[in-house]
Amino acid sequence: MKSYFNKIPFFLITITVIGVLLRIYTLYFLRIDNINLAPPFFLELINKTQVLPPAVIYISSLANLLIIFWLGQKLFGSRVGILAAFLYSSSPWIIYADISGSIYIFLLLWLLSFFVGIVSVQASKWYIGMFLILISTAFLLYDSLLMLFVLPALFLSIYPYLNKNLFRSKFFIMSLVIILLPLFLAMLKNLTGVKNILNNEVSLFSNVGLLNAVNQFRGETDQTNLAVVAKLAENRYLYFTKHAILNFLKNFAPVVYFTSEFKLLNFSFSPPILFGFIIPFFWGLRKSLNLLKRTKFLLLIIPALLIPSTVSKSAPDLLRLIIVSPVIFYAIALGFEHYDQTPKTPALRVLFTSAVLLVILQSLVTVVDISLREPVRFMQILGK
Amino acid sequence: MSKLLESRMTLILVLLIITLLGGILRLTYLDKNPVSLSVDEASIGYNAYSILKTGKDEYGNFLPLSFKSLGDYKPPLYTYLVAVSEGVFGLNEFSVRLPSAIIGTFSIFLSGLLLLLLFGEKRYAVVGSLLVAISAWHIHISRLGWEYMTGTSLVVAGAFSLLKMLGGKWYWSVTAALALVLSMYAYHAQRLFVPLFILSFLILYRNQLIKIKKQVLIFLVLCAILVTPLFLSVLLGPDKTRAQMTFITKDVDFHRYVAVSPAYQPVGISAFFGSEYLLLFFYWARKLLAYFQPSFLFSNGLLLTVTGSYGLGVLYLFQVPLLIAGLVALFKKHITHRKLIISWMLLGLLPASLTINEQHYGRSFIIFPALIAIVTLGTVYLWDVISKLKVFYRSAIVVIFTGLIIWNLIEAVLIYSIHFPRQKGEDFMEGTKQSVQYALTLKDQYQDIIFDPVRGIDGPFIVNAPHIYVLFYSQYDPAAYLKIPKRIEGESYGFDKFTIRKIDWVKDQYKEHTLFVGSPWSFPLNSLSQEKILKKIYLSNGKLALVIVAND
């Protein structure tokens with residue numbers, strides 16, 4: 001078995017072909033192509049409405065697959081890399097995002113490149129690392145306003161583990177300033193535009209229903225003799241803090257990723273990741289607690305990657321969560337890897353066998369469903 | 001704390017004090033909050049009254065094992081407990097809710113004992129029972145005159161006895177069988193959960209059970225004997241109607257959004273993989289996992305406030321880190337009964353996830369003991385971690401956390417005492433009691449009293465069952481009710497002077513010597529003569545709920 005995994009190019013090509021075929025199949029039955037295409041932040045800022053060409057999204061997705069493999073291989077070994085890449089290429093989540101032209105596929109490419117840069121710097125491949133960090137920072141910030149929050153948070157979360165020479169390098173700092181200068185100038189020139197885009201992207205607090213509810217609560221308590229206590233416990237700042245915390249927590253619910261509770265593109269019954277993978281996912285998580293030295297890095301970056309979905313009005317936002325998808329794929333792959341390495345009790349054997357059977361069953365159900373009922377569901381949503 | 005709890009008597013004393021505190025939270029204003037008796041509570045109340053007076057339910061069935069009630073075939077145990085309560089306190093709101101509140105209070109103590117057995121240290125018992133005592137989920141369920149609390153508390157008693165049975169004493173086999181099988185007579189969800197729970201217990205503890213074969217045999221034989229009447233009732237009686245009514249296959253969302261008409265007629269293998277049954281399986285998986293959503297767990301799982309706002313979840317927000325720590329500890333530490341807790345959690349969600357509703361705080365209440373065990377584990381684990389920190393950090397964490405707890409508890413008090421009655425009065429048919437009592441005072445002056453069963457502030461969407469409130473609040477003699485002829489025509493139901501049917505004012509305005517009780521949607525209030533309107537009944541939030549109109 002192990003000898004097969006040494007044939008990495010063979011596996012990568014097979015995974016890519018499977019991914020391409022699944023995308024063509026989905027596209028044939030579902031006319032969801034390019035429905036999510038949007039202009040990058042910088043273009044919006046200078047009042048241009050050009051969207052990213054679909055080809056860019058497809059190429060980014062292919063590059064993502066390769067980088068997910070490469071990073072997985074570097075961090076946890078080739079088998080984890082291959083499995084994670086396979087999960088990326090075959091999960092309905094990524095397939096739907098690719099076809100619909102989600103910019104988050106493109107952003108994921110640069111986030112992954114950013115991490116490749118970090119890994120290279122840590123491995124003392126100084127120039128390539130610095131180049132990758134610079135170029136990915138530039139692409140991320142020019143493409144999405146939200147990355148202005150994500151990137152600093154990412155830097156902060158991995159700062160203790162970073163090679164500090166990076167920030168002592170005048171070349172790095174100067175290049176960063178030069179690259180980002182046009183963006184900041186454009187932002188200064190069009191502050192109203194920035195505000196509008198910010199309001200669109202950060203819609204966490206624009207929930208009118210919640211605001212009305214807070215007012216209703218206050219109105220009700222004002223009629224009682226507990227009005228003073230209510231002022232302390234029921235003010236809008238506390239409610240909005242609670243709202244933000246809950247929005248953040250929602251992203252951690254397994255139901256988001258392994259079922260269709262939050263419909264892909266608002267209509268689909270296909271789960272972002274097949275339900276059966278939940279068992280290796282939890283097994284991987286459990287094991288990653290014992291492997292903190294190797295997995296700490298991955299666990300630390302999660303909160304930063306969840307910012308875009310958290311600030312969305314409709315959190316959890318599956319498209320925005322795409323940037324966290326590799327972490328989940330690695331966890332699942334780690335689960336399989338550790339299952340293979342640990343002594344198997346009968347219970348564990350049953351659990352993993354059912355997981356695999358479930359995955360096979362749901363793959364077939366999903367493939368048939370894409371042709372059979374997904375077009376009808378899509379039409380239903382269009383009709384609305 | 002460990003030193004303080006060294007003696008068994010001290011532990012029992014501490015648990016009793018916590019139970020007393022919990023009792024106050026469960027028994028205070030029991031008849032006033034929830035603001036009114038729900039239809040189910042009123043039905044349980046009158047059927048219990050009927051059992052008390054005649055030995056028969058409202059349909060004349062002698063000591064039934066399943067109460068037809070409002071056509072939903074309620075499990076019997078709680079109704080019989082209410083009959084006892086009504087024997088002492090009479091037919092009123094307090095009597096209907098009292099058994100649940102008392103059992104809820106007692107289960108605080110019992111949960112402490114169970115946690116002591118599960119984790120083997122007294123501090124777990126104290127922390128756990130305190131968490132149960134202040135739990136909004138537990139308090140709310142305790143204050144409802146429904147079956148959930150009885151069913152779950154009996155499972156707690158059963159699990160405690162099962163673990164004790166491992167010690168080899170035969171009488172624990174008897175209590176385990178009694179408690180677990182009785183829980184199946186208490187609530188529907190237990191009928192699926194308990195057999196699976198027993199099975200998982202037998203598998204998980206097989207090595208220990210093999211040494212106490214006699215006790216296991218006593219337990220199994222007793223279970224089989226006790227469950228037989230219920231088994232026959234479910235198999236041969238009408239109980240299965242209830243299961244059919246609420247089973248997941250009837251889920252509206254599934255048919256509307258998932259099992260839509262296919263784009264083409266599948267044949268061969270695609271007909272198999274495209275079948276609705278396979279989709280239903282994955283739809284069920286989604287419903288199961290949905291119980292772990294933060295919105296259910298921490299924000300509005302108890303449905304005490306209007307949709308879209310924040311209310312109370314089944315856990316408090318301050319319990320987020322405790323739950324996470326509990327899960328980490330559960331897998332990281334050596335916990336003897338870990339597999340039992342996990343299987344309790346997963347099997348407990350099975351009945352709730354197989355039914356039609358979205359996350360249902362009542363049907364899923366069976367997982368409460370397992371969930372609280374995890375949170376308790378997390379609390380003790382976190383405390384151990386924090387106590388190793390430097391004094392400054394430890395103090396800072398304790399101060400912040402205490403602040404969070406105080407905020408959450410104040411918020412819970414405000415929601416339960418102020419917002420819940422105002423925002424959810426209609427769900428508990430607020431106003432029906434006043435309307436019935438008012439109509440009863442005028443009973444002798446009119447030939448007919450007509451109640452419209454449909455009401456609602458936003459539209460006539462809520463179906464009420466006024467006849468059960470009439471029976472309840474008039475304390476109608478059950479023997480007389482069984483004998484009196486009933487008038488059933490189409491959707492109209494009548495007895496004595498009372499008729500339950502939709503009010504059609506175009507025709508009914510000419511009906512003389514009649515009293516009408518309906519919602520504002522039943523009458524043309526703007527054109528109606530003010531003299532005819534005898535009374536307007538408002539909800540706690542000030543909105544008009546019911547109108548009483550007289551045609552002399």
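Chain letters run A, B, ... following the sequence lines, proteins first and then strands; every chain starts at 1.
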Check whether [X] gets within reach of chain A through its side chain, its backbone, both or neither, counting any heavy atom under 4.5 Å.
| X | value |
| --- | --- |
| B:Leu288 | neither |
| B:Ser540 | neither |
| B:Val258 | both |

Using a strict threshold of under 4.0 Å (side-chain N to carboxylate O), is an ion pair present between [Y] and [X]?
| X | Y | value |
| --- | --- | --- |
| B:Lys287 | B:Asp251 | yes |
| A:Arg377 | A:Asp369 | yes |
| B:Lys424 | B:Glu430 | no |

Counting only non-hydrogen atoms closer than 4.5 Å, does [X] touch chain B with its backbone (N, CA, C, O), its side chain (CB onward), both, or neither?
| X | result |
| --- | --- |
| A:Gln223 | side chain |
| A:Phe217 | both |
| A:Thr366 | neither |
| A:Arg373 | both |
| A:Leu285 | neither |
| A:Glu234 | side chain |

When [options] are compared by non-hydrogen pairs under 4.5 Å with chain A, the top option:
| options | answer |
| --- | --- |
| B:Ser417, B:Pro266, B:Pro262, B:Gly542 | B:Pro262 |
| B:Phe282, B:Phe292, B:Phe281, B:Phe298 | B:Phe282 |
| B:Ile410, B:Leu414, B:Leu297 | B:Leu414 |
| B:Leu317, B:Leu327, B:Ile269 | B:Leu317 |
| B:Val320, B:Leu279, B:Val306 | B:Leu279 |

### Message
Applying side-chain contact (heavy atoms from CB on, under 4.5 Å) to A:Ser268 and A:Phe378, what does each step give before you reach the verdict?
### Response
CA-CA 7 Å; A:Ser268 177; A:Phe378 183 53; over 6 Å; no
### Query
Does A:Tyr339 have A:Lys344 sitting over its ring (NZ/CZ under 6.0 Å from centre, angle to axis within 45°)?
yes
Scan side-chain atoms only and decide if [X] and [Y] contain a donor-acceptor pair under the 3.5 Å cut-off.
| X | Y | value |
| --- | --- | --- |
| A:Asn251 | A:Thr310 | yes |
| B:Arg286 | A:Ser260 | yes |
| B:Trp284 | B:Ser353 | yes |

### Query
Can you check whether B:Val260's main-chain N or O pairs, donor with acceptor, with B:His255's side chain at less than 3.5 Å?
no
Using a 4.5 angstrom heavy-atom cutoff, name the option from [options] with the most pairs to chain B.
| options | answer |
| --- | --- |
| A:Ala230, A:Ala233, A:Pro271 | A:Ala233 |
| A:Leu238, A:Leu226, A:Asn212 | A:Leu238 |
| A:Lys263, A:Gln216, A:Arg286, A:Glu374 | A:Arg286 |

### Sub-6.0 Å ring centroid separation between A:Tyr257 and A:Phe281
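Here the rings of A:Phe281 and A:Tyr257 have centres that are no less than 6.0 Å from each other.
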### Task
With side-chain contact (heavy atoms from CB on, under 4.5 Å) as the test, would you mind laying out the steps for A:Phe205 and A:Leu211 before giving the verdict?
CA-CA 9 Å; A:Phe205 298 121; A:Leu211 203 62; over 6 Å; no
